[in-house]
Amino acid sequence: MFLINCPYCGERDQQEFKAGGEAHIERPKQPTELSDDEWAEYLFMRKNIKGVQFERWNHAHGCRKWFNMVRDTSNDEIKAIYKMGEKPPAQ
Amino acid sequence: MTKNLRVKSSEYIDETNRISFKFNGKTYHGFKGDTLASALLANNVHLVGRSFKYHRPRGIMTSGSEEPNAIVQVNPGTNRTEPNVRATEVEIYEGLEASSQNCWPSVEFDIGGINNFLSPFFPAGFYYKTFMWPASFWEKYEFFIRHSAGLGKSPTSSDPDIYDHRNIHCDVLVVGAGISGILAAKNAAKNDFKTLLVDEKNELGGSTVYENNEFNKIDNKTPSEWLKKEIEELKGIKNLEIKTRTSVAAYHQYNYLLARENLTDHLEAKEKTNKIRQRLLKIRAKKVILATGALERPLIFNNNDRPGIMLSSAIKKYSEFYGVVCGSKNVFFTNNDSAYESAMSLYNKGINVEAIIDIREQSESKIIKKVKEVGIKIYWSHTIVDTTGYKRLNSISTMKLSNDGTSVTGSKISISCDCLGVAGGWTPAVHLYTQSGSKLRFDEEKKVFLPNQNTSEQISVGSCGGDFKIDEIIKNLNQKLKDTLNINETDLDSIKVEIDQENSKRNIWLLPCDKPLGKTKPFVDYQNDATAKDIKLALREGFRSIEHVKRYTTTGMGTDQGKLGNMHALGIIADTAGVKMGELGTTTFRPPYTPLTFGTIVGRNVGKFFDIFRRTPMNDWHVENKAEFENVGQWKRAWYYPINGETMHQAVQRESKAARESAGILDASTLGKIDIQGSDASEFLNRVYTNAWSKLAIGKCRYGLMLNEDGMVYDDGVTTRLGENHYIMTTTTGGAANVLGKLEDYLQTEWPELDVYLTSVTDHYATASLCGPNSKKILKKIIPDLDLSDENFPHMSFKEAKIGNIKCRIMRISFTGEHSYEINIQASYGKDLWDKCIEAGKEFNITPYGTETMHLLRAEKGFIIVGQDTDGTMTPIDLQMDWIVSKKKYDFIGKRSLYRSDTMREDRKQLVGLLTEDPNIVLEEGAQIVSELNQSPIEMLGHVTSSYFSPNLNKSIALAVIKGGKDMMGKKLFVPMENKNINVTVSNPVFYDEKNERLNA
Ligand SMILES: [Zn+2]
């Protein structure tokens, strides 16, 4: 159980948060133009990296805001946290 | 048998406070300060249990939490009973009762002891090999195993004690209050770090506090004297919190640790009442200092498990700390100098030490010279090859070791004794360290695993960090403290230490014997009865990974997690397989370090706090009217209202009929309600629902279906347009929180440009749903000035009105197919609204109905319930709800997925109605549907999702999902059940009032 530094509220216990999967996968603007394969790529394909991963998190039992996190999935080390719409930090 | 084995009053034992307790039904006496183990030993009781597999008699081996044998049931037969407790950790109190486990009928005469003589038939993997075949015999085997084995009994009534949780945030957490922990905590606190010091024992000081080796001196005092003075000084230090009887169970990432603080287990029953028994401490520490010490290793030799065979360090602790001697004729067996300290401790108290067997060729330290001086016989280069005595050790036999240590030579010497102290060196207690994710390295010279790579801000000091001698401990501790706390000077700078130097080492993991391994019993894991032979057998059978060997032989799988024998298991594997121990690695130590009670884990979350439920404002009425309740989405919902002893079926049939014939009323307060506002609210709804919203007039309601991006139905409900930029959305009861979460997700991450604001108002409104042909008349009585004509207030529309002075929102919508109204009012007036409806409805025999009747009525109409008729694999097309999917909208959540090749398959499971040939047979929900009975294997076409006996149609009806069901109208199928095949016909899922004429009745 690690602490997460919500960019809107500050440091809170992990149990207040909900993980939302891989970050920076943008919903296609024109889904109807996509082939089945292209749509499937958006819909299903996730990297699930062991190591440094860019993720979405939601302060579900707090301010309800979504934000991004860079986390090492092998040891839960949080490398960075930044708001939605902000540029990810350079690796 | 009961002679007094007390040697000298110890300051930790209060001999003026005599305590009586019972063990295995017999009354004994001890003193305040005793553990159950020390008090039993003082009464000359060694035999305390039977081993798990062979039921061999076993005695107390240690003096701490690593105890593998002395596992007892505390207060058996009471609601405070606790199994699997280590006698070495139980502090005695007046009235304590304890009993042995894993023996029947008694520890003295145990029927399972026959397994010991059958032991050639119980090799490693015996259970896996034997009980696998034939499969049908498993139940018989299980019966046999369960009755002949078992570790303790759980209580059968509820736990009377109170448990608690507490969060602690500190700068420095010090785990272990031995010499290193005390010095670390003292210096941290003095340097303004908020410090917490915890120790599992009831007294501070670890083993140094009774360390009286005259050749070791700290500032010219014995370590014991010196440390007591340091402990005294701790009392005045601010910033320092000390918790004894507190055992750290888990060390997680980010320096998050869980500890169990034991508050009342040492108190007598009357003092326990109304106090918190145990508290789980959730500690977040900026820095962690592990000072967990080291555990003494046994030695692995033939029959090394008899009662009376103990760790040498335990014998010393019982003698020095508790003032108890464990035997009258003592022998020690060692590979290092520490046994000599234990021997001198006994000698100084006037107790016989017959001999010391030492596998080393010689050693020249001062303590050894002293032992020689006082005339204790030392057998250098010898090993023990056997022991005798069934329920208590009565002799050992020793032989000379060959030069390479792999065999024995010469003649056998037998020495009679009733207690054997075994000293196999020390294993740093790195359990918590590895739990934190940190990595170990193997030190070939010291033959120990040591901390190597830390993953968080932590240090390991003292013997858990590999420093065993006081001079090394102080020197390295000082440097580590300065580095980690970033300070320049400490109290340790000026400490002067003199120590006795040990100058020879020898380590043999499995000691040789004059008999071959197959004929001997050298136990490695005492609790699980794994011997060196079992480990070698596993290797011969091809197991290589240490984790596999562990599971196959069950070594280290007991409640003690193999704290004593794991290193020997690794050593034997390494020697046999010819690999280095560093390459072999070690098994994973998992939390908890010592077992936790369930009470500690759940804390206050018991009884009504176990699973928190919400209740609607009308709840009291439902309770008064004897409703049965069901749990839906963390709500207590009225399920049905039985009267005059009705069964559920009878009540539901009556309620369902009344709702269609006259009037019914349902508490719909639990439906999720989301207030949606903003200039883009209509556009937002267009994107989240499958149908179009822009043209919905103000004051109108519309049913909406929400999909996941994969095209599968996610939730449904009616949304009402309250104003130009204002909607109120209803969701399913169970889906409310998730729907809000999903909508927020899209708003914040995909469509931040939309001007939309969402607020959950589920709990703000109470909702009464009036339904039936007389619902209009009832509403008219409550709100006389509201025009309820179809012209002014048609189906699927909304009106704001007032009941008295209180505003309410009324939607004319229907989930039953009847003319009905949903009246929403501020929650605090919910009960009042309900009472008014009941009062006004009396003349129409208004019938309250619960969720079951609601389900039945909607099934008659073929309305789906998301989560019952759908399961996350149903598209709106599968549900035959094409009418609600907009063809014109460019996009909405899930739209693209409806055109994937898979979602367009013709043979997907589709929602249909199902009628039984015999109208009285009600199908079971979940029952499978087939078209051919004589196929093998039979193809499963689908299953029943909803099924009821309809009182309004007087026949059984069901909804089902069937492959290609859309094109099967009228087809005859079968529902095969255990004793019969039920004939069914596929039908239209709308069974009642297909033309919706009743909505306007
Ligand atoms: Zn927040």
Side-chain angles (χ1 to χ4, degrees), chain A residues 1-5 7-8 11-15 17-46 54-68 71-78 82-86, chain B residues 167 169 250-258 282-286 436-439 453-456 591 687 707-712 737-738 740-753 757-760 887-904:
Chain A
M1 297 278 267
F2 39 94
L3 294 176
I4 295 174
N5 196 359
Y8 304 94
E11 222 168 42
R12 295 288 189 278
D13 196 285
Q14 180 203 331
Q15 67 185 21
F17 296 83
K18 200 173 145 184
E22 195 177 327
H24 304 298
I25 297 176
E26 202 183 337
R27 186 175 189 271
K29 289 274 183 287
Q30 292 160 325
T32 46
E33 326 261 297
L34 302 182
S35 69
D36 268 12
D37 283 353
E38 287 166 331
W39 180 247
E41 183 66 32
Y42 159 72
L43 193 56
F44 300 121
M45 297 306 172
R46 298 293 182 270
F54 291 72
E55 299 177 330
R56 291 152 23 93
W57 282 76
N58 180 224
H59 194 184
H61 299 282
C63 63
R64 294 197 346 230
K65 284 283 192 186
W66 284 87
F67 56 89
N68 291 315
R71 182 176 67 110
D72 187 331
T73 58
S74 68
N75 61 10
D76 282 339
E77 191 190 336
I78 298 170
Y82 52 102
K83 292 179 182 173
M84 282 293 160
E86 286 179 358
Chain B
N167 287 295
H169 297 260
Y251 187 164
H252 296 295
Q253 283 128 342
Y254 283 79
N255 281 350
Y256 178 55
L257 296 91
L258 298 175
K282 302 173 174 181
I283 307 167
R284 292 194 186 274
K286 296 209 175 87
S436 75
S438 298
K439 295 279 178 282
Q453 276 181 302
N454 298 352
T455 54
S456 61
R687 296 189 192 184
L707 310 185
N708 263 332
E709 204 66 273
D710 61 6
M712 305 304 160
N738 289 336
L740 181 68
K742 180 185 162 88
L743 299 184
E744 279 286 1
D745 186 355
Y746 276 89
L747 264 186
Q748 289 178 35
T749 68
E750 299 295 350
W751 310 318
E753 72 281 5
Y757 303 90
L758 306 174
T759 311
S760 167
K887 305 279 184 301
K888 290 186 194 145
K889 280 198 295 181
Y890 180 70
D891 192 14
F892 56 81
I893 298 171
K895 174 168 175 143
R896 176 60 186 84
S897 291
L898 299 178
Y899 304 96
R900 292 177 57 235
S901 55
D902 186 60
T903 44
M904 295 205 305

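Letters go in sequence order (proteins before strands), and every chain restarts at 1.
With hydrogens and angles disregarded, no donor-acceptor distance shorter than 3.5 Å links the side chain of A:Asn58 to the backbone of B:Asp745. In this structure, B:Arg896 contributes its side chain and A:Leu34 its backbone to a donor-acceptor pair below 3.5 Å. A side-chain donor-acceptor contact under 3.5 Å links B:Gln748 to the backbone of A:Arg64.
Atom CD of B:Gln253 sits about 10.0 Å away from atom CD of A:Glu77, to the nearest 0.5 Å. Rounding to the nearest 0.5 angstrom, the gap separating the CH2 atom in A:Trp39 from the CG atom in B:Asp710 is 9.5 Å.
Of the listed residues (B:Lys895, B:Arg284, B:Glu750), the greatest number of heavy-atom pairs within a distance under 4.5 Å of chain A belongs to B:Arg284. Among A:Arg56, A:Lys18, A:Met84, the residue making the largest number of heavy-atom pairs under 4.5 Å with chain B is A:Arg56.
Neither the backbone nor the side chain of B:Thr455 comes within contact range of chain A; no heavy atoms are under 4.5 Å apart. Interface residue B:Tyr890: backbone and side-chain heavy atoms are both found under 4.5 Å from chain A. Both the backbone and the side chain of B:Ser897 come within contact range of chain A, each with at least one heavy atom under 4.5 Å from a heavy atom of that chain.
In B:Glu753, the CD atom is crowded: over 12 heavy atoms of neighbouring residues, nucleotides or ligands sit closer than 6.0 Å.
With sequence neighbours excluded, the residues satisfying side-chain hydrogen bond (donor to acceptor under 3.5 Å, both in side chains) with A:Asp76 are A:Arg71.
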Problem - Trace of the side chain to side chain contact (heavy atoms under 4.5 Å, CB included) decision for B:Tyr899 with A:Asp36 - result: CA-CA 8 Å; B:Tyr899 304 96; A:Asp36 268 12; 5.8 Å; no

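In terms of heavy atoms, B:Thr749 sits closest to A:Trp66 at CG2-CB, 3.9 Å. Considering all non-hydrogen atoms of both residues, B:Arg900 and A:Leu43 come closest at CD-CD2, 4.4 Å.
Identified under the salt bridge (charged side-chain N to carboxylate O under 4.0 Å, His left out) test for residues 24-35 of chain A, with sequence neighbours left out: A:Glu26-A:Lys29, A:Arg27-B:Glu709, A:Arg27-B:Asp891.
By the 4.5 Å heavy-atom criterion applied to side chains, A:Leu3 and B:Tyr256 are not counted as neighbours.
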